[in-house]
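Here's the structure we're looking at; comments come further down.
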Amino acid sequence: MASNTTEDLFKNIISHSKEYGFIFQSSEIYDGLSAVYDYGQNGVELKKNIREYWWKSMVQMHDNIVGIDAAIFYASYYLKASGHVDAFNDPLVDNKDSKKRYRADVLIEDHVAKIDAKITKEVEKARQRFGESFNEEQYRSTNPRVMEYQQKIDAINTRFKAALEANDLVEVKQIILDLEIVCPISGTRNWTDVRQFNLMFNTQLGSVSEESSTIYLRPETAQGIFVNFLNVQKTGRMKIPFGIAQTGKAFRNEIVARQFIFRMREFEQMEMQFFVRPGTEDEWYTHWKEKRMTWHRSLGFPLNKQRFHDHLKLAHYAKAACDIEFEFPFGFKELEGIHSRSDFDLRNHEEFSGKKQQYFDPELNENYIPYVVETSIGLDRMFLAIMSQSYVEEKLEDGSERVVLRIPPFLAPIKCAILPLMKKDGLPEKASEIFDKLKFDFIVTSEEKDSIGKRYRRQDAIGTPYCITVDHQTLEDNTVTIRDRDTMAQERISIDEVQRILREKVDVNTALRKL
RNA sequence: GCGGAAGUAGCUCAUUUGGUAGAGCAUCAGCCUUCCAAGCUGAGGGUGGCGGGUUCGAGCCCCGUCUUCCGCUCCA
């Protein structure tokens, strides 16, 4: 059980997640689906609590942020407008000798870049030759060799563009063959056919297939927010700056999906799009960067576990972007992204839909398309971060070992276990009385099988922060002991106080107040 | 997706060269005990990932397939 390496540790976290009802592989009895997972009885509670903490901190705590729940089906033109249909479609080709995979468009573009480099070389040579009097533009348009290169480039680009537009992958392969492009590794021209990898899932709307039209499962929750921007703004009489939040499933057909629930084909996002006046986006970007980091820090994990990572290469929609990374057992990886998306999305939706996506700003007395700052966090990744950070294999003073999940109490699946010391003398009955009292406020559980020590360990393993034990003294003076998961220390308290004490200890508001 | 490795009870593993599967833990029932795992007795649970082939006979050999892990590749 002991984890000697971080690889062991990660494996143990995965099997612990299964053994204790947090995460199961999906469709397991049918051999499973790759990179699809189900949440079990404890996982669903933890996940729900994380979602709720996020929702409260974003929506409930801000009078200018509201939530929505938009559909998972996207009309294809939605995604055309968002850039996803194009950006999520990569023509890929493999070299059979080196077994390396390339994006066909990148291969061709690289080839073009090489020809372009030859032109530059010619130009530089000429510049040295002619000195001061050199006219680059004239040289480029008259020198036969340069012109020949340029014509080549233009011809390739024209042909490639036509092939892409016609979605003609056979032609794309032919271009690669005609250009005699070789694999940089193997140096051969032994290519497979070019294949389209559609990273989005599609399906048909309409029960009769001939009449149906292709629709997509959303690859991110954000677009549902953008297309509802005016609905919410108008019906909620929202004034800029304001935000719209949403949690929900998104779907991506990852080429490789691994590392447990870190990269799944079906996953859940928690996103908030914040609409701001153009020109103020930089300060809001900074604002949300800090806000979100504070949220992560509020869970009480070591500060060196999270860090910012600024993007140098930006996505098709972004103006500025950074990640909040978490140190998983397999290294620092993206947990949340904060993006300054400019007016890219709303402007495109305006263009594609023909419907104005503008806001009238009474202070400026003018209309504009708002700029957007996005915070987008993966709920499953957050779940994994909490699991990895909470999972501890502990060596106790008496030499024995225990596995304990030190989940922040307000996120723990079960808040309290009620345990009769023995299965007789009326102790189970007393325990069930307490259960009935607490069940209205907390998710509690009760167990009477096995020795008390074993039951404590079981609760430790699923992260239950408190155990209440009913013993013989309980029957005499109406007191119980309450045991702390992390310190294993016990305290005797009156049954009448249990509810109040538990509420203090596991209340999400305590965390919210620190934000 | 490619290459390598693996897939036997819920979990961890065993079954010497092919001869119709076992253990520990877990589970369930009962007994005993009880404040930090591993007391006693008994029971249930496997068409050996799935499909096909070779063989008189396959968990063990061969092929395919699915899943997982490692490496590569891709990535918003």
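Below, chains carry the letters A, B, ... as their sequence lines are ordered, and counting in each starts from 1.
Mapping A:Asp450 and A:Leu396 onto RNA chain B by nearest heavy atom places A:Asp450 at the nucleotide closer to the 5' end. Nearest-nucleotide positions on RNA chain B place A:Leu421 closer to the 5' end than the other of A:Leu421 and A:Glu334.
Among the atoms of the strands shown, base atoms are found under 4.0 Å from some heavy atom of A:Asp471. Using a 4.0 Å heavy-atom criterion, one finds that A:Ser15 contacts no nucleic acid atom at all. Residue-level contact check: A:Lys424 touches the backbone only, with heavy atoms under 4.0 Å from sugar-phosphate atoms and none from bases.
With hydrogens and angles ignored, a donor-acceptor pair under 3.5 angstrom links the side chain of A:Gln490 to the base of B:C35. Side-chain to base pairing of A:Arg483 with B:C36: one donor and one acceptor N or O lie within less than 3.5 Å of each other.
Rounded to whole Å, the C1' atom of B:U47 lies 13 Å from the corresponding atom of B:G51. Distance noted for atom C1' between B:A9 and B:A26: 11 Å (whole Å). The P atoms of B:G59 and B:U12 are separated by 22 Å, rounded to the nearest whole Å. With P as the reference atom, B:A21 and B:C13 are 23 Å apart, rounded to whole Å. Taking atom C1' in both B:U20 and B:G1, one finds a spacing of 40 Å when rounded to whole Å. Rounded to a whole angstrom, the distance from the C1' atom of B:G46 to that of B:G71 is 34 Å. Here, B:C11 and B:C72 have their C1' atoms 32 Å apart, quoted to the whole Å. Taking atom P in both B:U27 and B:G53, one finds a spacing of 42 Å when rounded to whole Å.
To the nearest angstrom, C1' of B:C36 lies 15 Å from CE of A:Met422. Atom pair A:Lys423:NZ and B:G39:P shows a separation of 15 Å (rounding to whole Å applied). Rounded to whole Å, the distance from CD1 on A:Ile14 to C1' on B:A6 is 15 Å. Protein atom NZ of A:Lys454 is 18 Å distant from nucleotide atom P of B:U33, rounded to whole Å. Atom pair A:Tyr456:OH and B:C36:C1' shows a separation of 7 Å (rounding to whole Å applied). If you take CZ of A:Phe330 and P of B:C69, they are 11 Å apart, rounded to a whole angstrom. As rounded to whole Å, 10 Å separates atom P of B:A26 from atom OH of A:Tyr20. Spacing between atom OH of A:Tyr37 and atom C1' of B:U67 amounts to 9 Å, rounded to whole angstrom units.
Between the A:Arg485 side chain and the A:Asp460 main chain, no donor and acceptor come within less than 3.5 Å of each other. With hydrogens and angles ignored, the 3.5 Å screen pairs a side-chain donor or acceptor of A:His16 with a backbone N or O of A:Ala461. The backbone N or O of A:Glu491 sits nowhere less than 3.5 Å from a side-chain atom of A:Thr481 that would complete a donor-acceptor pair.
Picking from B:C35, B:A26, B:C36 the nucleotide with the shortest atom distance to the side chain of A:Ile452 gives B:C35. Looking at the side chain of A:Met488, the nearest of the listed nucleotides B:C35, B:C28, B:C36 is B:C36. The side chain of A:Ser451 sits closest to B:U34 out of B:G10, B:U34, B:C28. Across B:C35, B:C75, B:U67, the shortest atom-to-atom separation from the side chain of A:Gln25 is found for B:U67. Checking B:C69, B:G10, B:U34 against every side-chain atom of A:Lys18, the shortest atom distance belongs to B:G10. Closest contact between the side chain of A:Arg492 and the listed nucleotides B:A38, B:C11, B:C35 involves B:C35. Listed candidates were B:C28, B:C69, B:A38. Nearest to the side chain of A:Lys449 is B:C28.
For the pair A:Lys47 and A:Tyr39, the cation-pi criterion (under 6.0 Å, within 45° of the ring axis) is fulfilled. The cationic group of A:Arg51 does not satisfy the cation-pi geometry with A:Trp54, failing either the under 6.0 Å distance to the six-membered ring centre or the 45° limit from the ring axis.
In this structure B:A23 sits in a base pair with B:U12, meeting the Watson-Crick or G-U test at under 3.5 Å. Nucleotide B:C61: paired with B:G53 (Watson-Crick or G-U wobble, both distances less than 3.5 Å). The partner of B:G3, taking Watson-Crick or G-U wobble pairs whose two distances both stay under 3.5 Å, is B:C70. B:U34 makes up no base pair with any nucleotide shown, lacking Watson-Crick or G-U wobble contacts both under 3.5 Å. With a cut-off of 3.5 Å on both Watson-Crick or G-U wobble distances, the partner of B:G46 is given as none.
The shortest side-chain heavy-atom distance between A:Ser340 and A:Tyr371 does not fall under the 4.5 Å cut-off.
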Yes or no on side chain to side chain donor-acceptor pair (under 3.5 Å) for A:Thr469 and A:Tyr456, after CA distance, side-chain angles and deciding distance?
CA-CA 10 Å; A:Thr469 307; A:Tyr456 286 150; 2.6 Å; yes
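At the phosphate of B:U27, OP1 or OP2 sits under 4.0 Å from a side-chain N or O atom of A:Arg458.
Scanning all heavy atoms of the two residues, the minimum distance from A:Ala321 to A:His339 falls at CB-CD2, 3.2 Å.
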